[in-house]
There are 2 protein chains.
Amino acid sequence: MRLTTKGRYAVRALFCLSKYTDEKPTPLSVVAKDQDISLNFLEQLFVHLRKNGIVSSVRGPRGGYRLAKKPKDITIGEVLRAVGEATYPVFCTEDDIPNNKQCPRADECVTHLLWIKLGKTINDFLDSTTLEELYQFKPE
Amino acid sequence: MRLTTKGRYAVRALFCLSKYTDEKPTPLSVVAKDQDISLNFLEQLFVHLRKNGIVSSVRGPRGGYRLAKKPKDITIGEVLRAVGEATYPVFCTEDDIPNNKQCPRADECVTHLLWIKLGKTINDFLDSTTLEELYQFKPE
DNA sequence: TATAACTTGACTATTATTGTTAGTTTAGCA
DNA sequence: TGCTAAACTAACAATAATAGTCAAGTTATA
Ligand code: FES
Ligand code: FES
């Protein structure tokens, strides 16, 4: 039950973006250098962040990305889900279940409700924590 | 952030064991058939469950496993950790960190405390839920 | 003493993750 | 108008983790 780099990088990258609050967009090359993340990998993540309305993009020279909402309106949960990080601990709680991953006896599965409750606990936390709150976590 | 089969199978297998409350131990072949899990894979899991004092074994003919404690004294958290399932979402919260997995700038890492808090939320849940409570989740 | 079960370790197939390569498109600017 | 910086796209490859298998023991009792 580990977060993947997709999720971890996305949060770090967005935190980095939130530091540049001026009007001009920030190119990913800056984020990549600042956070030591492969530029190409970042680009893949930002495609999904943009499609989910978390960032907006400006193409061409002097272009880049900026947050589409205020940090306090961006939850960690929506960021993780945007980049494809699973926030529920089992497959069977989601819509399109790969058949081979399905619990063979869902009807009588005693653990299903347990994992649902765990997932709810996790998502309640993630959805009530925003990007803005990262600032208060920052060590001095 | 998915549970692996190790964790999921371990919980299901122990629940299965808890159904056979008579004195004689239950062979893994019964659990394997009941839960549709590879016998050899189960054996690997039970090595760790035994070493962590969750089950006890009886060798020889008519042997098998039984719970070493009462279901209400076995938490989901200890089961998951026993079989090697990570219950914290990031590596850097644990003792022996593979170097390549370490966040490169742990000192100034703004997300570290976030993941610690998430991990605490998860573990609080797991450690306050026991095997016994699975019965009340069972659908009729 | 034969057998049913546990025990151990090594091995393999599969899948998921992580990252790379190689481009195309867009738009500001000299 | 051409150069360049940036977003965008898609396919590909390396690596690592997972899931499961196989084979060869060991133990204890019927
Ligand atoms: S059907 Fe969801 S955990 Fe078994
Ligand atoms: S050092 Fe723990 S998340 Fe970065």
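Quick caveat, the model's predicted, so the values are computed rather than measured. A, B, ... follow the sequence lines: proteins, then strands. Residue 1 opens every chain.
- As judged by a 4.0 angstrom heavy-atom cut-off over every strand, A:F46 is placed among residues making no nucleic acid contact.
- No path of Ile, Leu, Val, Met, Phe, Trp and Tyr side chains, each step under 4.5 Å between heavy atoms, connects B:V55 with B:V47, placing them in separate hydrophobic clusters.
- Comment: B:D127 engages B:R81 in a salt bridge, judged by a side-chain N to carboxylate O separation of less than 4.0 angstrom.
- No path of Ile, Leu, Val, Met, Phe, Trp and Tyr side chains, each step under 4.5 Å between heavy atoms, connects B:V58 with B:F46, placing them in separate hydrophobic clusters.
- One finds a side-chain N or O of A:S57 lying less than 4.0 angstrom from the OP1 or OP2 phosphate oxygen of D:dC8.
- Contact annotation: A:Y9 side-chain N/O to C:dT17 OP1/OP2 distance is not under 4.0 Å.
- The side chain of A:T4 places an N or O atom within less than 4.0 Å of a non-bridging phosphate oxygen (OP1 or OP2) of C:dT18.
- Looking at residues two or more places apart in sequence or on another chain, you find a salt bridge (charged side-chain N to carboxylate O under 4.0 Å, His left out) between A:E78 and A:K69.
- In this structure, B:R50 is not positioned above the aromatic face of B:Y65 in the sense of NZ or CZ being under 6.0 Å from the six-membered ring centre and within 45° of the axis.
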Could you go over nucleotides 21-27 of chain D and give all protein N or O partners under 3.5 Å, atom names and distances?
residue : atom : partner : partner atom : Å
D:dT21  : OP2  : B:S38   : OG           : 3.0
D:dT21  : O4   : B:Q44   : NE2          : 2.3
D:dT26  : O2   : B:R59   : NH2          : 3.1
D:dT27  : O4'  : B:R59   : NH2          : 3.4

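- A:I122 and B:I116 fall into different hydrophobic clusters, where Ile, Leu, Val, Met, Phe, Trp and Tyr are joined by side-chain heavy atoms under 4.5 Å apart, directly or via other members.
- Remark: A:R66 is not positioned above the aromatic ring of A:Y20, lacking an NZ or CZ atom under 6.0 angstrom from the ring centre and at most 45 degrees off the axis.
- A:Y135 and A:S18 form a side-chain donor-acceptor contact under 3.5 Å, judged by distance and modelled atom types alone.
- In this model, the phosphate group of C:dT18 is approached by a side-chain N or O of A:T5 to a distance below 4.0 Å at OP1 or OP2.
- For DNA chain C, none of the residues of residues 47-56 of chain A falls under the heavy-atom distance limit of 4.0 Å.
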